[in-house]
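Predicted model only: the values in this text are computed from it and were never measured. Atoms within a ligand are numbered from 1 in the order they appear, just like the ligands themselves.
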Amino acid sequence: MARRLLILLVLVPSFYTLDCQVGDVWVKNFIKFECYSNQRIRLGMRPIGCVPEDRLEGKVIAPGAEYRNEHFFFRCVREGDSLAYKIINCVDDNERVVEIGQFFTRVDGGRRVRVECEGNATEAKKTVVQWTSCTLPSGEKLSEGGIHLRYSKDSSSPQTAEIFSCKRDGPKVSLKCTGCVSSAGDQVVVSGYATVSGVQMQCRRFDDGCRLIKIDSKHMDCTLDGDSYPHDSVFNSSDGINLYYCKHGFLEKRGCFVNGEFVAVGDLTYTGKKPVFCGRERGLSTFGKYTGCTLKNGTVIRFKETVEEGPMMRRCLWTYTGKEINGTKLEAYACVDKESGRRIFAEKYLQKGALHTVLKCSRNADGTLELRQPSTEEFLQYANSALSYNLLLSEIARGGYGNVEWIERLSLDSAGCADRIPFCDQLKPICEFSFSKNLRKLKESLKNSSSATNEALQELEDYGLTSCDRKLESLVEVMCPHTCGTCLSREEVEKRISLIANTNRVKS
Ligand SMILES: *[C@@H]1O[C@H](CO)[C@@H](O)[C@H](O)[C@H]1NC(C)=O
Ligand SMILES: *[C@@H]1O[C@H](CO)[C@@H](O)[C@H](O)[C@H]1NC(C)=O
Ligand SMILES: *[C@@H]1O[C@H](CO)[C@@H](O)[C@H](O)[C@H]1NC(C)=O
Ligand SMILES: *[C@@H]1O[C@H](CO)[C@@H](O)[C@H](O)[C@H]1NC(C)=O
Ligand SMILES: *[C@@H]1O[C@H](CO)[C@@H](O)[C@H](O)[C@H]1NC(C)=O
């Protein structure tokens, strides 16, 4: 026996996982299984149906049957000894079928809607996008997100073209002028500047379009500590600490000099062990008594240094009251995707896998970060920010497989065990949920009852033997012994046949 078991262990790799009790049912990967035993199999598990909800309480779809939800069409398919819950195709909102790998576009007024179905039978995605067009003065259509250049008729003009874009603004899509092209070939957005033949010009929007306007150079000088500096010049403050840039009349601080070293605005440097910060305002800020952050294990890291902590990255920062620095903090600033090693900044998104599944690095109430599935609203916002069309829907469906497994095949008269007719699958419920099985269960649960109950049960059984239900069940068991798991000996088959053929009426 021990040797036989050893051989079985080698033959049946899933031996260890088969620790179920006859009658147990469970759901895994959309497939419902049962644990069974019969004349052929000492202990086995077999798939008996598909469960779209993927949980034990969910509705069961029989092999061969179909299931449809708002977006997909599924089928529960028997394939040899396994059962598969397959995605067959996507379904459009007006019940139109879209095959996997296909798409179609429908035009609906000025709107175009495209429905796509991609993936395979175990993983598929349905997407619906819409885009709108603007009408150009010529009557031509320009798709949402597209740009169009309107060229100037005057070849001596400092401007060669206006830039028009078909832009979405909330629910409205319209044609809007968004920039100018200078004769030097520079593209300038509205309110941006360009130098044409040494003359400073600004692109401005008017009722009928966008134009480059000459700017008086007097309006573009900057003054600091009584001195005047022209546009596009870089200079130091008189104390030598701040570096400024003059941009169209506005002073822009670029950085600080600390002991001759340049530090950009927003950055800091250490002089010895003391950190010094270059802020947007004039001069330098110091950190008082703070020199860095202390980690849980006692190590001190410097300001702006980072450390990986579980699924996130933290950075050593400071808290500022508006007047002084009053504390330090280890702020989570990015998530770490352990599979790829990629870092995703807070509130940003990661796309992964063949179906480009989207995850968001979201901040929890306690300040920690976590990579998780975005809400539908977040997802659509993200998707639409990157696309020239408007994503209306993106749904993913999954399917699953389940196999038969068994522990020990008992010896039997094999001739008695093949299905004798096709369609045994459809007939299976008759042998599965049969009268005699239920009766057996009833008898078991009433084992220690009075003799009166036992007599009543016996009568019920006798009745059952001649009843129509019982005959039908017996017939199915004889015709479909493989499917029903009722492998009978020749004598048993003969006995059943005579029982079925018996036309005696039930005693009243
Ligand atoms: C500003 O000062 C720094 C050092 O003090 C010097 O290296 C740099 O050249 C100066 N820049 C200008 C534009 O004067
Ligand atoms: C403390 O933790 C940091 C980050 O996890 C690590 O780099 C450092 O080596 C640790 N220091 C000690 C003393 O364990
Ligand atoms: C720093 O000051 C701000 C504003 O006064 C306060 O909200 C914050 O709690 C202080 N932080 C620390 C670490 O003391
Ligand atoms: C179906 O697609 C998924 C990912 O899109 C892939 O992991 C899987 O292997 C595919 N299955 C089949 C049967 O092709
Ligand atoms: C039935 O009765 C037998 C003997 O009287 C006892 O050992 C057994 O535990 C009982 N079983 C149940 C289910 O009550």
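Taking a distance limit of 4.0 Å, we find that atom 14 (O) of ligand 2 is approached by some protein heavy atom. Closer than 4.0 Å to atom 2 (O) of ligand 1 lies at least one heavy atom of the protein.
Within a 6.0 Å radius of CG in Asn259, no more than 12 heavy atoms belonging to other residues, nucleotides or ligands are found. Environment of CD in Glu305: crowded, with over 12 heavy atoms of neighbouring residues, nucleotides or ligands closer than 6.0 Å.
Distances below 4.0 Å separate heavy atoms of Thr122 from the following atoms of ligand 4: 1 (C), 11 (N). Residue-ligand proximity, Asn236 to ligand 1, at heavy-atom distances under 4.0 Å covers atoms 1 (C), 2 (O), 3 (C), 8 (C), 10 (C), 11 (N), 12 (C), 14 (O). Using a 4.0 Å cut-off to heavy atoms of Thr299, the atoms of ligand 2 that qualify are 1 (C), 10 (C), 11 (N), 12 (C), 13 (C). Within ligand 1, counting atoms from 1 as listed, the ones closer than 4.0 Å to a heavy atom of Val234 are 13 (C).
The protein heavy-atom contact nearest to atom 7 (O) of ligand 4 is Glu123 OE1, 4.3 Å. Considering only non-hydrogen protein atoms, atom 9 (O) of ligand 4 sits nearest to Asn120 ND2, 4.8 Å. If you check which protein heavy atom lies closest to atom 5 (O) of ligand 4, you get Ala354 CB, 3.5 Å.
In this model, no donor atom of one side chain and acceptor atom of the other lie less than 3.5 Å apart for Ser191 and Gln202.
Of the possible polar contacts, one joining the Asp54 side chain to the Phe30 backbone as a donor-acceptor pair under 3.5 Å is found. No side-chain donor-acceptor contact under 3.5 Å links Asp92 to the backbone of Val97.
The two residues Asp419 and Pro481 come nearest to each other via the heavy atoms OD1-N, 3.5 Å.
Closest heavy-atom approach to atom 6 (C) of ligand 2 within the set Asn297, Val307, Ile301: this belongs to Asn297.
In this structure, Tyr290 has its ring center at least 6.0 angstrom away from the ring center of Trp318.
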